[in-house]
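In what follows, a single structure is set out as structure tokens and then discussed.
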Amino acid sequence: MTDEPHQYDLVIAANRLPVDRVVEDDGTSSWGRSPGGLVTAMDSVMQGRRGAWVGWAGEVGEVGEVGEVGEALEPFTEGTMYLRPVPLSSEEVRDYYEGFSNDTLWPIYHDVIVQASFHREWWRSYERVNRRFAEAIAEVAAPEATVWVHDYQLQLVPRMVRELRPDVRIGWFDHIPFPPVELFAQLPWRRAVLEGLLGADFLGFQRVADAQNFVRACRQLLRAPTKNDTVAVTAPDGSTHTARASAIPISIDFQGLDALARTPEVRARAAELRAQLGNPDVLMLGVDRLDYTKGIRHRLKAYEELLRDKAIAPPEVTFVQVATPSRERVDSYRELRTQVERTVGRINGEFAPIGSPAVYYQHRSYPRDEMAALFLAADVMLVTPLRDGMNLVAKEYVTCRHDLGGALVLSEFAGAYHELHQAFVCNPHDIEGLKQTILKAIHTPARDKARIMRALRRRVADHDVNRWAERFLDALAAAPHRPERQERQDRLDQESRLERQEGEDRQDRQDRLLRRDPPDERVRLTQPQRSVHQPSSHDHEGRPSGPRR
Ligand code: ADQ
């Protein structure tokens, strides 16, 4: 492939290119593909097409005049994909990326868990970088190509591309939540953002509520005519089109990860990890980017209280928290790191005997096989975000549990909850409820947990990342109409859900009769206990456990 313009019929645009620079021992460096579901999915949809990916390579240009960018990296080919780097200056990394994307948009789109910062120079940088992306896309896209733009860093790109290349079909996918209009309205540049997005023919969101929030924002803030999931758009030049917004939840490469977790090496490593941790009865695990949206502090608070209540104790119960370094130059992230590390120190200082930490804290990244081993080793996976677009960790955990072991504690504020609602569901703001849910995840009988795990795995296997990508591209091709395949599939999904529900209800009734569970038993914390205690089959809201919700 060469870098001749206008020849790629599928163009992906995302803030980052799917590659990382790999530095060898002798100091030479090359580009290696970064692992991840998105890349796998894009690989599969690019089969038989000429595909290009436009994004920042993570290299920072020289400090200089605003707008001056470092030496542009030459385009290159990786596997089947043509990669077109978009250069950023260090000021742009600061203003467009760390500033506007991560300190203005990120907080607003995540329920303002921390205060958003508004700076006009950040906005100008965001506009400028979005234009650079749009120009690069317009340059590589073939006539009538499909352009798929990803995420909140590139919300102005759809309209800019439309103006430059009215012949192409434009889709945008939102990896994070789209906020309710009351929060979105705080953004001083709210109109420009909505107008930017409305350059797309189709907009995909993680949840139905996100798509609805977007359509409502268009109606209320732009006074745009809307009908169900569509918005009628009139551009400044008088041209019109209809944009459609719908939920298409992202997923992971189920087959690939499942196969990895079944390898003898990963199984052996999982056993080795447990042994290194002192073979606890219960190993709890948290895996997150170190981000205030992930609810790490709430999780630690609940865990600390359980230790104080003597409901659990090391070495029988222990907790590994893996926190990937993230956005370390943004103040709120630095503060979070300090708070988390202080709390971990306090918990270990107060509750852990010498040689048996209550929390193992790992502030680093791991390769995929090590992550798979950790997932396979963990009895209870704590996914407790305060707000999360999807949360792939929840899906990765159940994918690795081919042994049907383990229990997933999942926040109802993660997009994943809408697909994995059979998990041990919690509201992370309710510390008492979170404690109860953790205990319930520990104590539910293995047979019931296996049944839940089977249902969760089935969902992820049926809705993997390839299916997500296909659904998105189908929806984009058919927009503003619903694709036929989607309508048919929705009908099938609903039928099989109803059938499954009936079967599970029957099974649950039988189980209850056999066990004669009292209908409203709660896990009690009042009796001090050394470690693991009596199982209960009901969660903190008194609902029966199992795949019913
Ligand atoms: P993120 O907020 O980055 O993504 P998430 O969905 O949890 O979050 O994905 C994180 C990924 O990083 C997972 O694949 C996980 O395994 C990996 N990871 C985490 N810690 C790691 C470590 N220490 N070492 C190695 N790998 C690690 C955004 C949105 C999410 C949405 C995704 C995809 O915020 O809500 O699910 O995009 O759309």
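In each ligand, atom 1 is the first atom listed, and ligand 1 is the first ligand listed. Each residue takes its place number in the sequence, starting with 1.
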Residues lining ligand 1 [heavy-atom distance under 4.0 Å, listed by chain and residue number]: Trp106, His175, Gln206, Ile250, Val287, Arg289, Lys294, Val322, Thr324, Arg364, Ser365, Tyr366, Met371, Asp388, Gly389, Met390, Asn391, Leu392, Val393, Glu396
Taking the basic N atoms (NZ, or NE/NH1/NH2) and the acidic carboxylate oxygens, is any pair closer than 4.0 Å for Arg289 and Asp388? no
Would you please indicate yes or no on a ring centroid separation below 6.0 angstrom for Trp106 and His110? yes
Could you check whether atom CD of Gln255 has more than 12 heavy atoms from other residues, nucleotides or ligands sitting under 6.0 Å from it? no
Does the distance from a Lys or Arg side-chain N to an Asp or Glu carboxylate O, for Arg269 and Glu265, drop under 4.0 Å? no
Is the charged tip of Arg169 near the ring of Trp148: under 6.0 Å from the six-membered ring centre and within 45° of its axis? no
With Gln321 as partner, the option from Leu300, Leu290, Asp288 fulfilling side chain to side chain contact (heavy atoms under 4.5 Å, CB included) is Asp288
